[in-house]
Amino acid sequence: MTAPKTLYDKIWDDHLVDQADDGTCLLYIDRHLVHEVTSPQAFEGLRMTERKVRAPEKTIAVPDHNVPTTPDRASGVIENEDSRIQLEALDKNARDFGLNYYPVNDIRQGIVHIIGPEQGWTLPGMTIVCGDSHTATHGAFGALAHGIGTSEVEHVLATQTLIQSKSKNMKVEITGSLPPGVTAKDITLSVIGRTGTAGGTGHVIEYCGQAIRELSMEGRMTVCNMAIEGGARAGLIAPDEKTFEYIKGRPHAPKGAAWETALAWWKTLKSDEGAHWDKVVSFDASEIAPVVTWGTSPEDVLPITGTVPAPEDFTGGKVEAARRSLEYMGLEPGTRLQDIEIDTVFIGSCTNGRIEDLRAAAAVLKGKKIKDGIRAMVVPGSGLVRAQAEKEGLSDIFIEAGFEWRMAGCSMCLAMNPDQLAPGERCAATSNRNFEGRQGRGGRTHLMSPAMAAAAALTGRLTDVRELM
Amino acid sequence: MDKFTTLTGVAAPLPMVNVDTDMIIPKQFLKTIKRSGLGKNLFDEMRYDQKGNEIPDFVLNQPAYRNAEILVGGENFGCGSSREHAPWALLDFGIRCVIAPSFADIFFNNCFKNGILPITLPQEQVDILMDDARKGANARMTVDLENQTITTSDGQTIGFEVDPFRKHCLLNGLDDIGLTLEKVAAIDAFEARAATLRPWV
Ligand code: SF4
């Protein structure tokens with residue numbers, strides 16, 4: 001009998017092509033997602049060495065980071081010369097090498113981590129990589145998914161494999177059920193708040209427990225998306241009936257007899273009883289409140305009912321880091337988080353740009369108006385999410401409330417396109433990184449859930465959404 | 001990839017901890033489609049003021065260090081995002097070797113993939129090299145990969161460790177792709193097996 005394995009162990013073993021004497025492994029890659037920012041130099045490398053893409057049918061390309069999100073983009077010229085060149089390069093590379101490609105005017109275009117699952121490219125038990133650290137999102141389907149550098153993008157394009165060494169196993173268990181007003185985003189931020197941004201370093205995290213099981217697929221993607229913010233190589237959730245239900249009928253999902261064989265195998269994809277964990281973190285969902293970040297690291301998390309901490313509340317190197325954060329964020333220790341006024345609201349990104357996120361935000365906004373002077377935008381994660389939201393009347397709720405209704409892309413998550421914060425501008429954001437300058441030089445980011453961001457738009461300050469429910 | 005055998009050159013001192021990849025190359029320079037040309041924006045926000053004028057105090061702006069080929073840094077060098085633009089910017093500026101007490105994982109790997117040798121040494125030895133680097137343009141250091149030694153300007157020799165496989169690749173200028181393609185039979189066999197086991201993939 002073989003020793004009990006974790007889900008990570010199983011997927012790893014299943015994809016091992018070769019193991020060298022020094023332990024370095026060659027891992028087969030089932031899906032390679034490509035976007036315009038981290039791929040041009042990889043294709044340049046292929047051309048210089050006259051190499052081909054080994055498996056174009058397993059390679060999916062989409063522009064997302066640089067694309068404008070204003071509704072006139074179909075007809076408009078992209079003003080930023082460098083952005084335009086990068087988008088043109090992707091277009092040419094995708095066509096020359098025969099990749100599965102969703103150009104900017106295709107309704108299926110969107111953020112790479114949203115369209116993978118949406119189109120059924122992402123399936124349980126797969127290995128999935130992309131030149132982007134939030135590739136962990138796809139782990140919600142029980143796939144081993146992580147970000148890679150550009151040299152590795154070229155390596156995967158040329159060989160459909162990756163040179164890897166194995167990570168350790170970490171289990172994060174959330175028992176019990178989430179209280180009302182608390183969402184997947186609050187889970188994932190709270191985990192990072194507890195374990196720190198280096199808590200998962202060297203590990204692959206498997207999230208489990210009742211609260212995770214009770215999440216929708218959208219919620220599970222939100223949780224796995226931020227595994228990287230906790231330092232982990234990847235995040236995983238074992239597939240179950242909800243996973244299969246989500247996948248069934250998607251354009252690239254298996255059909256007919258293949259579906260039955262696939263399903264039988266997918267059902268075996270879980271960690272065995274007695275499998276070894278190098279690290280375990282466990283807490284109850286009832287301990288989680290709606291949270292916001294106050295600083296410039298995703299681990300700077302507090303319940304919305306809290307107050308801004310002082311540098312002296314910390315120890316070691318964190319004291320200086322907190323001082324620098326507070327200065328950058330323009331915050332005084334002891335201020336109630338709910339008294340912090342904001343200028344801008346951004347709802348979108350691969351963390352919270354899916355249909356369920358828009359539903360949650362719209363539920364808070366329905367029939368109401370955002371506070372005067374607040375700039376607020378919704379950027380759906382894909383063209384199909386946008387269309388679905390229009391069909392459900394969500395777009396009307398957003399527009400009537402005073403939000404801008406945008407086209408799909410990464411937008412203000414990293415501000416490579418024109419959607420940026422001005423210096424000192426303060427933003428309630430549903431994205432995943434609050435680093436200095438992330439949303440624009442000098443911009444100040446508070447991370448939170450879509451419902452919390454909607455609440456902040458209504459009051460003009462960080463707000464406990466439970467008070468509006 | 002260029003070979004790395006021995007390197008004799010000026011070493012620039014950068015005694016800062018947690019030098020992150022955003023500092024090495026800020027995001028506004030990620031819009032390029034080339035690997036080359038990033039050297040002028042290496043450490044951009046530390047090197048230039050808001051108007052684009054050089055900040056004279058910054059080490060790489062000082063006449064002695066404009067042609068530096070070695071960088072001596074502090075703990076956790078290269079932390080932050082996975083952008084390979086960071087080693088590309090260093091390489092384009094002319095830096096082929098970075099010496100520090102510790103490195104962030106991805107950056108460390110990315111260096112080897114681009115012909116840059118990152119060397120981890122205990123803090124006391126980094127301090128010795130930092131002092132040597134502070135002597136300016138006359139203080140040329142020699143890094144010998146074959147023999148795994150660094151020789152300071154006054155002849156002191158310090159040994160260092162390096163993974164044998166990576167050493168072999170650097171010495172011979174071998175890239176990972178070329179090495180993996182030697183295993184193409186194993187990849188073919190894997191694909192054939194997977195095609196029967198999981199035809200839907
Ligand atoms: S939405 Fe943000 S985090 Fe996600 S892929 Fe785009 S830039 Fe990266």
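In what follows, chains are A, B, ... by sequence order, proteins preceding strands, each numbered from 1.
- Of the two parts of A/L90, neither the backbone nor the side chain holds a non-hydrogen atom closer than 4.5 Å to a non-hydrogen atom of chain B.
- Heavy atoms closer than 4.5 Å to chain B are found nowhere in A/K255, neither backbone nor side chain.
- Counting only heavy atoms from C-beta outward, the side chains of B/W200 and A/L123 approach each other to under 4.5 Å.
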Checklist entry - Can A/V37 and B/K31 be said to form a side chain to side chain contact (heavy atoms under 4.5 Å, CB included), step by step? => result CA-CA 6 Å; A/V37 179; B/K31 290 188 180 181; over 6 Å; no
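- When each of A/S133, A/S83, A/A158 is checked for heavy-atom pairs under 4.5 Å with chain B, A/S83 comes out on top.
- Annotation: A/K168, atom NZ; neighbour count of heavy atoms from other residues, nucleotides and ligands within 6.0 Å does not exceed 12.
- Contact annotation for B/N114: only side-chain heavy atoms (C-beta onward) come within less than 4.5 Å of a heavy atom of chain A.
- In this structure, the portions of A/M416 lying under 4.5 Å from any heavy atom of chain B include both its backbone and its side chain.
- With hydrogens and angles disregarded, no donor-acceptor distance shorter than 3.5 Å links the side chain of A/Q86 to the backbone of B/I33.
- Atoms OG and CZ, on A/S151 and B/F112 in that order, are 13.5 Å from each other to the nearest 0.5 Å.
- No side-chain donor-acceptor contact under 3.5 Å links B/K27 to the backbone of A/A415.
- More than 12 heavy atoms of other residues, nucleotides or ligands sit less than 6.0 Å from atom CD of A/E57.
- For A/I85, the parts lying under 4.5 angstrom from a heavy atom of chain B are both the backbone and the side chain.
- Evaluation of the ring pair (Phe, Tyr, Trp, His ring centres under 6.0 Å) rule for B/F190 yields A/Y28 as partners, not counting sequence neighbours.
- The local environment of CZ in A/R324 is sparse, with at most 12 non-hydrogen atoms from other residues, nucleotides or ligands closer than 6.0 Å.
- Taken from CG in B/N109 to CD1 in A/I148, the straight-line distance is 12.5 Å, to the nearest 0.5 Å.
- With a 4.5 angstrom heavy-atom cutoff, A/L16 touches chain B only via backbone atoms.
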Item to check | Evaluation steps, side chain to side chain contact (heavy atoms under 4.5 Å, CB included), between B/T180 and A/T161 | outcome: CA-CA 8 Å; B/T180 298; A/T161 64; 3.4 Å; yes
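- Atom CG of B/L179 and atom CD1 of A/I163 lie 7.0 Å apart (nearest 0.5 Å).
- Ranking B/N110, B/T32, B/D163 against chain A, the residue ahead of the rest is B/T32, based on heavy-atom pairs under 4.5 Å.
- Looking at A/H252, neither its backbone nor its side chain comes within 4.5 Å of chain B, counting heavy atoms on both sides.
- Per-residue heavy-atom pair counts under 4.5 Å with chain A were compared for B/Q28, B/K183, B/E191, B/R193, and the maximum is reached by B/E191.
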Checklist entry - How far apart are the C-alpha atoms of B/E45 and A/R441, what are their side-chain angles, what is the distance that settles it, and do they pass the salt bridge (charged side-chain N to carboxylate O under 4.0 Å, His left out) test? => result CA-CA 11 Å; B/E45 286 171 11; A/R441 195 170 181 152; 3.7 Å; yes
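- Using a 4.5 Å cut-off between heavy atoms, B/K34 contacts chain A through both its backbone and its side chain.
- Considering NE2 of B/H85 and CD of A/Q41, their distance stands at 4.5 Å, rounded to 0.5 Å.
- Around atom CG of B/N67, no more than 12 heavy atoms belonging to other residues, nucleotides or ligands sit under 6.0 Å away.
- Crowding of A/K248 atom NZ: a count of heavy atoms from other residues, nucleotides or ligands under 6.0 Å not exceeding 12.
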Item to check | Audit row: B/R198, A/D14, salt bridge (charged side-chain N to carboxylate O under 4.0 Å, His left out) steps and yes/no | outcome: CA-CA 11 Å; B/R198 293 190 289 275; A/D14 253 324; 3.6 Å; yes
Next on the checklist: I'd like to know whether B/R35 forms a salt bridge (charged side-chain N to carboxylate O under 4.0 Å, His left out) with A/E154, so could you lay out the CA-CA distance, the side-chain angles of the two residues, the decisive distance to 0.1 Å, and finally the verdict.
Outcome noted: CA-CA 13 Å; B/R35 286 182 162 91; A/E154 186 179 340; 3.1 Å; yes
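- Residue B/D175 touches chain A through its side chain alone, counting heavy-atom pairs closer than 4.5 Å.
- Within the 4.5 angstrom heavy-atom criterion, only side-chain atoms of A/N80, from C-beta onward, approach chain B.
- Residues A/R54 and B/V184 have side chains in contact (heavy-atom distance under 4.5 Å, counting atoms from C-beta outward).
- Proximity to chain B (any heavy atom under 4.5 Å) is restricted, for A/A89, to the side chain, taken from C-beta onward.
- With a threshold of 4.5 angstrom between heavy atoms, B/D20 does not approach chain A through any atom at all.
- Within the structure, salt bridge (Lys or Arg N to Asp or Glu O under 4.0 Å) pairs that include any residue of residues 77-97 of chain B comprise B/D22-B/R83 (at least two apart or interchain).
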